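Take a look at the structure below.
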Protein chains: 2
Amino acid sequence: MSPVRVLLADDEHLIRGALAALLALEDDLLVVAEAASGPEALAMARAHRPDVAVLDLQMPGADGVSVATSLRAELPGCRTMIVTSHGRPGHLKRALAAGVRAFAPKTVSAQRLAELIRTVHAGGRYVDPELAADAISAGDSPLTVREAEVLELAGDGAPIAEIAERASLSQGTVRNYLSSAATKLGAENRHTAVRLARERGWV
Amino acid sequence: MSPVRVLLADDEHLIRGALAALLALEDDLLVVAEAASGPEALAMARAHRPDVAVLDLQMPGADGVSVATSLRAELPGCRTMIVTSHGRPGHLKRALAAGVRAFAPKTVSAQRLAELIRTVHAGGRYVDPELAADAISAGDSPLTVREAEVLELAGDGAPIAEIAERASLSQGTVRNYLSSAATKLGAENRHTAVRLARERGWV
DNA sequence: GGCCGCGGATGACATTTGTCAGAGGGCCCC
DNA sequence: GGGGCCCTCTGACAAATGTCATCCGCGGCC
């Protein structure tokens, strides 16, 4: 049986290299390409057509989920999985929606990762139980589209005026959205609201 | 010549394990202990007395810099180095002040890391050139002790009243500190001020 | 058609925050 | 002793923000 062809994408050279070395020890796995950014991961995937793509969630250029979305369209035969340091419930949700087959934190062992790659290649799925529990308990976002939009623009602490301009809304409207978003999230003001929404992966 | 005894501390099992495997390939390096948190790193160091401690900056319990500080006091013979994903200028400064001998981003290769460990063991020092440049251009914190303190309490978006209470200050004083801090940082409001100070590693 | 509910928008009003001037006390250094 | 810097506080005013009542348009439903 021919080995599983794997693409590794992670911007941290140290980790990517170490991972490649470890996976190389497995007879049935073959790392055929490595990438340090989202776009590079796409290019490498096109060139090497891997069976499984192991993607870091945070990468320069394009994050793991958007890479997975593109891959799904371009290389339907290529299964994708996400590995990440900071798993937020919303990320998991977005990832699954993008057709990602597995979602694991970087706290898993290399042994386990190898197993996951085999599982995914065989058509299976896997989601870290703890992340899954978080995602379920966090539930769906109670925010409307506009609320989330405005909340995102408020993310870097910009004043209302700037948010209003960037969203092409009146300042009053922006304030209402922020207010209702904060109420829904149980926050005292928009800044804590932003933080909470981020923690739950809703922005 | 006996090998360099190395302690690896990183909360991401995947990376720690992979790293250990890679370093094991070097004849002159010996990973004698691994830890997944700050306190565990300290305990392992006490038990195994490594020559060099490779510490992740972000760990549960206690971050790399505080571990380095404790190690310096308890095991003066143990050299410390920090490896991190997100290098902020202020972290570098704090690390050097704590007696850390090397500071590198996780984008370095394992080969390079092995070299660094040897350099540090031999008494040398190393700072990633890019991080060093950032640190120099960022300069010293213009904030007074209290300003930084209040700014930190403002970190999670709490209202002034709460900050004042937690800092045991009058609300007016808090507002003044936040205002002057924001002015010094060139921010429009305290929230962007917090963000900027965080980026520069001043809080 | 008429009615209801809902997301979206607006303006008015109250509260919070930012800014400024000033003032007293403590500390260090010349 | 004097000067300078920081800490703390106060009071007052301007600006930003939060809250609320209300209105509009749209789709579903009786």
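No experiment lies behind these values; they were computed from the predicted model shown. Order of the sequence lines fixes the chain letters, A, B, ..., with proteins taken first and strands second; residue numbering starts at 1 for each chain. Because only heavy atoms are used, hydrogens play no part in the values below, and waters and symmetry mates are left out as well, while side chains stay in.
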Checklist entry - What residues, two or more places apart in sequence or in another chain, satisfy side-chain contact (heavy atoms from CB on, under 4.5 Å) together with Glu115(A)? => result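 Listed in chain order: Gln111(A), Arg112(A), Arg118(A).
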Next on the checklist: Could you check whether the side chain of Asn189(B) and the base of dT17(D) have a donor-acceptor pair of N or O atoms closer than 3.5 Å, going by distance alone?
Outcome noted: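 Side chain to base: no pair below 3.5 Å.
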Item to check | Contact list for DNA chain D against residues 146-171 of chain B - heavy-atom distance below 4.0 Å | outcome: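 Arg146(B), Leu169(B), Ser170(B) - these, ordered by number, are the residues of the stretch whose heavy atoms sit under 4.0 Å from the strand.
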Item to check | Positions of residues 177-188 of chain A (non-hydrogen atom under 4.0 Å from DNA chain D), listed by number | outcome: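 Nucleic-acid contacts, sorted: Ser179(A).
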Next on the checklist: Strictly by salt bridge (charged side-chain N to carboxylate O under 4.0 Å, His left out), give each pair with a member in residues 49-65 of chain B just once, sequence neighbours left out.
Outcome noted: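 Counting only pairs at least two positions apart or across chains, the salt bridge (charged side-chain N to carboxylate O under 4.0 Å, His left out) contacts touching residues 49-65 of chain B are Asp56(B)-Lys106(B), Asp63(B)-Arg94(B).
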Next on the checklist: Please list all pairs meeting salt bridge (charged side-chain N to carboxylate O under 4.0 Å, His left out) that have one or both residues in residues 174-189 of chain A, counting only residues at least two apart or in different chains.
Outcome noted: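 For residues 174-189 of chain A: Glu147(A)-Lys184(A).
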What residues, two or more places apart in sequence or in another chain, satisfy salt bridge (charged side-chain N to carboxylate O under 4.0 Å, His left out) together with [X]?
X         : answer
Glu130(B) : none
Glu199(A) : Arg195(A)
Glu40(A)  : none

Checklist entry - Distance check: side-chain N/O of Arg175(A) vs OP1/OP2 of dT19(D), anything under 4.0 Å? => result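 So the side chain of Arg175(A) is outside the cut-off, no N or O lying under 4.0 Å from OP1 or OP2 of dT19(D).
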Checklist entry - Mind checking what makes ring pair (Phe, Tyr, Trp, His ring centres under 6.0 Å) contact with His191(B), not counting sequence neighbours? => result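 Checked His191(B) against ring pair (Phe, Tyr, Trp, His ring centres under 6.0 Å); matches are His191(A).
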Checklist entry - Within the structure shown, what part of the strands sits under 4.0 Å from Val145(B) by heavy-atom distance: base, sugar-phosphate, or nothing? => result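 Sugar-phosphate only.
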Next on the checklist: Using a 4.0 Å heavy-atom cut-off, does Thr173(B) contact any base of the nucleic acid, only the sugar-phosphate backbone, or nothing at all?
Outcome noted: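 Counting heavy atoms under 4.0 Å across all strands, the contact made by Thr173(B) includes a base.
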Next on the checklist: Any side-chain to backbone donor/acceptor pair from Arg190(A) onto Ala182(A)? Under 3.5 Å, distance only.
Outcome noted: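 Not confirmed, Arg190(A) side chain does not pair with Ala182(A) backbone.
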Item to check | Side chain of Asn176(B) - closest among dC9(D), dT17(C), dG8(C) | outcome: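 Selected nucleotide: dC9(D).
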